[in-house]
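Right, one structure below, let's go through it.
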There are 2 protein chains.
Amino acid sequence: MSSPRSAAARVTMRDVASVAKVSTATVSKVLNDRPDVGAEVRQRVLDTITRLGYRPNTVARGLRSRHTGTIAILTDDLEGIFTNALMRGVEDAASTYDVSVLLANSYGDPERERKHLRRLLDRQVDGLIIMSGNRVRPRTGPALPLPDTPYVFLYEYGVGQAVPSILPDDRGGAVLAAEHLIEIGRRRIGFINGPASWEVTADRLEGLTDAMRAAGVPLDPAFVRHAPSWAPEDGFALADAMLAAAQPPDAIFCASDDLATGALAAIHERGLSIPGDVAVVGFDDRSLAVHQRPPLTTVALPLLEMGLVAGQRLLAAIDGEAQQHELIRIECQLRVRASTVGAAAFRRP
Amino acid sequence: MSSPRSAAARVTMRDVASVAKVSTATVSKVLNDRPDVGAEVRQRVLDTITRLGYRPNTVARGLRSRHTGTIAILTDDLEGIFTNALMRGVEDAASTYDVSVLLANSYGDPERERKHLRRLLDRQVDGLIIMSGNRVRPRTGPALPLPDTPYVFLYEYGVGQAVPSILPDDRGGAVLAAEHLIEIGRRRIGFINGPASWEVTADRLEGLTDAMRAAGVPLDPAFVRHAPSWAPEDGFALADAMLAAAQPPDAIFCASDDLATGALAAIHERGLSIPGDVAVVGFDDRSLAVHQRPPLTTVALPLLEMGLVAGQRLLAAIDGEAQQHELIRIECQLRVRASTVGAAAFRRP
DNA sequence: GCACTCCACGAAATCGATTACGTAACTCGC
DNA sequence: GCGAGTTACGTAATCGATTTCGTGGAGTGC
């Protein structure tokens with residue numbers, strides 16, 4: 001009494017071979033587009049394959065051919081605010097090439113990280129994406145004994161220029177923001193940067209400084225501040241302090257959308273209009289940006305593209321192309337919304 | 001001229017066997033804790049394993065033993081707002097048992113979904129977690145030809161009671177919110193529900209209704225509304241409308257945190273105090289909740305636990321335990337914050 | 001017509017483990 | 001002391017593909 005479905009053993013290459021009256025070698029050649037198969041036989045094999053519904057077993061294939069068609073994402077924070085978008089990019093790139101993606105979460109714990117790495121290598125992954133994606137604590141790169149397997153760092157600051165690595169163009173993003181504010185006529189620009197312990201804050205400050213110097217607009221040091229954290233509360237506090245000045249800023253650039261939402265609240269609370277009295281620009285383009293009141297102009301991190309590029313670079317390296325051991329920066333984009341342009345519609349009643 | 005590192009072939013079981021002067025069968029038995037190995041030989045094998053740094057090849061093992069120690073998450077939205085937390089739960093459960101997690105993103109497209117599923121089955125995954133995690137469009141369950149492989153639905157509404165499935169206790173969550181509001185003395189409670197097309201909104205409405213009936217507090221039908229979407233803008237609009245009533249509500253319960261942030265803004269804009277004039281409760285406990293002004297009391301979705309339970313159920317099924325074909329609801333928790341209790345500190349100046 | 005090259009295909013080894021089964025040595029009971 | 005039962009280990013088949021190499025026959029050149 002065997003149910004027909006569950007008893008239905010998988011169709012194997014041997015089955016195809018015997019039905020098509022050829023050897024398994026020939027079936028394999030057809031499957032892998034090898035040249036030394038006659039047209040007639042090839043067609044017969046293909047017909048048999050579809051008729052029997054044969055699907056090659058990836059595990060067996062992997063054992064023999066040494067590559068499994070699998071890459072892994074090893075991250076320190078699966079719930080990081082940027083993790084999803086980065087992962088989606090990687091997954092997109094991978095699934096385009098019929099490659100599967102394994103997921104491993106280390107919580108930033110080196111011990112877990114090593115354990116996962118071992119497990120992944122035992123699994124014969126063809127490549128690794130080592131990714132951060134959080135804004136909780138800075139990383140200076142994982143403490144991994146790096147394997148022979150190809151790998152790419154994604155959104156990992158502090159791993160240097162000499163390893164394959166993908167980062168956003170933080171400096172360029174800040175330039176975009178500054179140029180935009182200058183273009184709409186702002187001259188007293190405040191900058192609420194992230195915590196100084198984050199490497200990224202230096203690049204963003206540099207971009208802002210450079211752009212303003214280029215435009216001949218002075219940057220008041222009193223209006224350039226590092227927040228103690230990336231949280232809205234700190235954005236609120238620092239913006240509030242700046243607005244209390246005798247000559248308050250007419251624009252505030254924040255190094256994160258979270259900081260910017262705090263700044264928006266501080267401006268509202270003082271009864272000032274946005275962007276009439278103070279324009280605000282954020283950084284990241286998280287989903288909350290568009291739902292602010294007013295919707296927040298912000299510098300969009302190219303997370304999806306970063307993930308895509310990381311995936312493509314890794315797959316290229318797996319395919320045998322010489323891996324370029326260098327840092328690649330992906331351009332940010334400015335998303336202009338009502339917090340910098342348009343009627344001062346969001347003044348409080 | 002072979003570089004010592006790259007030429008270093010992997011240590012295989014055969015190597016261990018020959019060094020330890022036993023057969024590969026014996027090594028395998030030691031590795032799998034089989035009883036028929038003598039203490040002395042077992043020790044010798046173990047020593048050799050550590051000395052050579054041998055690690056079993058998962059692919060080879062998978063080919064022979066039919067299970068690969070891999071499960072897959074098949075999701076319709078890798079960037080869904082709940083995806084991360086659910087995934088983390090699953091990954092946690094899996095990695096505890098040394099099981100790896102594959103990731104597949106279908107974008108809700110049935111064609112991609114089928115393609116991914118085929119690929120995963122070719123890969124011999126031991127089990128599947130079929131997961132939604134978005135709040136963009138409702139799903140009524142994937143249109144999949146379900147495999148013999150064990151599976152669990154996670155956060156998939158509309159798949160019915162008769163398949164293994166994990167959902168939050170939406171009704172219970174709404175009860176918690178209602179009881180809390182009643183307990184702090186609110187009597188005119190408004191409810192901004194999500195779009196009626198979402199199955200979940202019925203459960204949450206039911207919870208609210210039941211709790212208020214139980215407490216003998218009337219529910220004004222004019223204050224029970226379905227928002228056209230889950231976005232803050234709709235929360236703003238509906239809250240604003242309720243507040244315009246002759247007798248406005250003294251509390252607003254929103255079926256999502258996003259709706260609640262809109263409601264907070266509407267209340268602020270009318271110059272009312274929170275929670276003094278109007279208390280607000282959200283649903284979800286997304287990270288933005290805690291950063292609201294005031295921090296938002298909300299019903300926390302047990303996402304992490306849902307993921308864990310899903311993973312554990314799946315692993316149990318893989319281990320051969322009879323799979324329970326039933327829906328499991330995980331309890332929500334109320335997170336009390338300043339939008340319902342504490343001084344009316346957040347009144348606008 | 002003969003030697004040689006291609007072409008198309010198959011036989012068999014192989015990847016690295018697991019596992020059914022066989023067997024030598026040892027124990028035990030009577 | 002001898003047959004039965006246990007114990008501890010090895011032999012070899014096996015999982016499902018890929019890949020090397022061998023071979024028969026057709027085609028080519030002289």
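Reminder, nothing fancy here: chain letters follow the sequence lines and each chain counts from 1.
- Of the possible polar contacts, none joining the Glu199(A) side chain to the Tyr157(A) backbone as a donor-acceptor pair under 3.5 Å is found.
- The footprint of chain A on DNA chain D, defined by a heavy-atom cutoff below 4.0 Å, extends from dG16(D) to dT19(D).
- Between the side chain of Thr83(A) and the backbone N or O of Asp77(A) there is at least one donor-acceptor pair closer than 3.5 Å.
- Between Tyr54(A) atom OH and Asn57(A) atom CG the span is 7.5 Å, to the nearest 0.5 Å.
- Across residues 49-72 of chain B, Leu63(B), Arg64(B), Arg66(B) each have a non-hydrogen atom less than 4.0 Å from an atom of DNA chain D (numbered order).
- Asp122(B) and Thr58(A) are not linked by any side-chain donor-acceptor pair at a separation below 3.5 angstrom, with hydrogens and angles left out of the test.
- Around atom CD of Glu326(B), more than 12 heavy atoms belonging to other residues, nucleotides or ligands sit under 6.0 Å away.
- Checking side-chain atoms of Asp126(A) against main-chain N and O of Ile318(A) turns up no donor-acceptor pair under 3.5 Å.
- Not counting sequence neighbours, the partners of Ser100(A) by the side chain to side chain donor-acceptor pair (under 3.5 Å) test are Arg123(B).
- Between the CG atom in Leu31(A) and the CG atom in Leu46(A) there is a gap of 8.0 Å [rounded to 0.5 Å].
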Could you walk me through whether Leu128(B) and Leu117(B) satisfy the side-chain contact (heavy atoms from CB on, under 4.5 Å) test, starting with their C-alpha distance in whole Å, then the side-chain angles of each, then the deciding distance to 0.1 Å, before giving a yes or no? CA-CA 9 Å; Leu128(B) 285 165; Leu117(B) 183 62; 3.4 Å; yes

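- Summarising the local packing, CZ of Arg14(B) is surrounded by 12 or fewer heavy atoms from other residues, nucleotides or ligands at distances under 6.0 Å.
- Over its length, the helix from dG1(C)-dC30(D) to dC30(C)-dG1(D) turns its helix axis by 40°, as judged from the five terminal pairs at each end, rounded to 10°.
- Identified under the ring-ring contact (aromatic ring centres under 6.0 Å, His included) test for residues 56-88 of chain B, with sequence neighbours left out: Phe82(B)-Tyr155(B).
- In the region residues 21-45 of chain A, proximity to DNA chain D at under 4.0 angstrom, judged on heavy atoms, holds for Ala25(A), Ser28(A), Asn32(A), Arg34(A).
- Under a 3.5 Å cut-off, the side chain of Thr75(A) and the backbone N or O of Met131(A) do form a donor-acceptor pair.
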